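Take a look at the structure below.
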Amino acid sequence: MRVITDPGGTSVVVEADGEALGDVTVWSDGGIVRLRFNVPRRHLPATARRDLVDAVFALPELDWRGPVQAAIPLGDADLLAGLRVHLGEVETRAAGATCLIDATLE
């Protein structure tokens, strides 16, 4: 796993054998933590998506209580299930090929 911090936010990249399995950009905007997940639409190792979610929630930026907004690929049940483990009340809606999530971090 690599964590990259820049002025635009923090990016988490999960890799296996030098190949990126997915990445997440995390930034704070007006008291809301925003997460943008980028995961390839192909078969990945069974735990790759959950590992990515767990890595993001281990970041200091998510060591607080408050609103979270996330964007994940529409239909990615593993990412959504992983997010539900870490978040309180979760509301989802589709926007094109993206699932938008409004939640609270408890």
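Just so you know, these numbers come straight off a predicted model, no measurement behind them.
Between Val26 and Leu59, some side-chain heavy-atom pair lies under the 4.5 Å cut-off. Between Leu35 and Val56 there is a side-chain heavy-atom pair separated by less than 4.5 Å. Residues Leu80 and Ile101 have side chains in contact (heavy-atom distance under 4.5 Å, counting atoms from C-beta outward). In this structure, Val90 and Leu87 have side chains that are in contact, with non-hydrogen atoms separated by less than 4.5 Å. Between Val24 and Asn38 there is no side-chain heavy-atom pair separated by less than 4.5 Å.
The minimum heavy-atom distance between Thr92 and Cys99, with the atom names listed, is CB-SG, 3.9 Å. In terms of heavy-atom proximity, Leu52 sits nearest to Val12 at CD1-O, 4.1 Å. For Ala81 against Arg50, the heavy-atom pair with the smallest separation is CB-NH2, 3.1 Å. Across every non-hydrogen atom of Pro67 and Gly31, the tightest pair is CG-O, 3.5 Å. A pairwise comparison of heavy atoms in Pro73 and Val39 identifies CG-O, 4.3 Å as the closest pair.
Pairs engaging residues 80-106 under the ring pair (Phe, Tyr, Trp, His ring centres under 6.0 Å) rule: Phe57-His86 [sequence neighbours left out].
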Please evaluate residues Leu74 and Thr98 with respect to the criterion side chain to side chain contact (heavy atoms under 4.5 Å, CB included), reporting the C-alpha separation (whole Å), side-chain torsions for both, the decisive distance (0.1 Å), and the verdict. CA-CA 5 Å; Leu74 188 64; Thr98 303; 5.8 Å; no
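Applying the side chain to side chain contact (heavy atoms under 4.5 Å, CB included) criterion to Arg93, with sequence neighbours excluded, gives Leu100, Asp102. By the side chain to side chain donor-acceptor pair (under 3.5 Å) test, Asp76 is found to be paired with Arg49, residues two or more places apart in sequence or in another chain being considered.
Rounding to the nearest 0.5 Å gives a distance of 14.5 Å between CZ of Arg36 and CD1 of Ile72.
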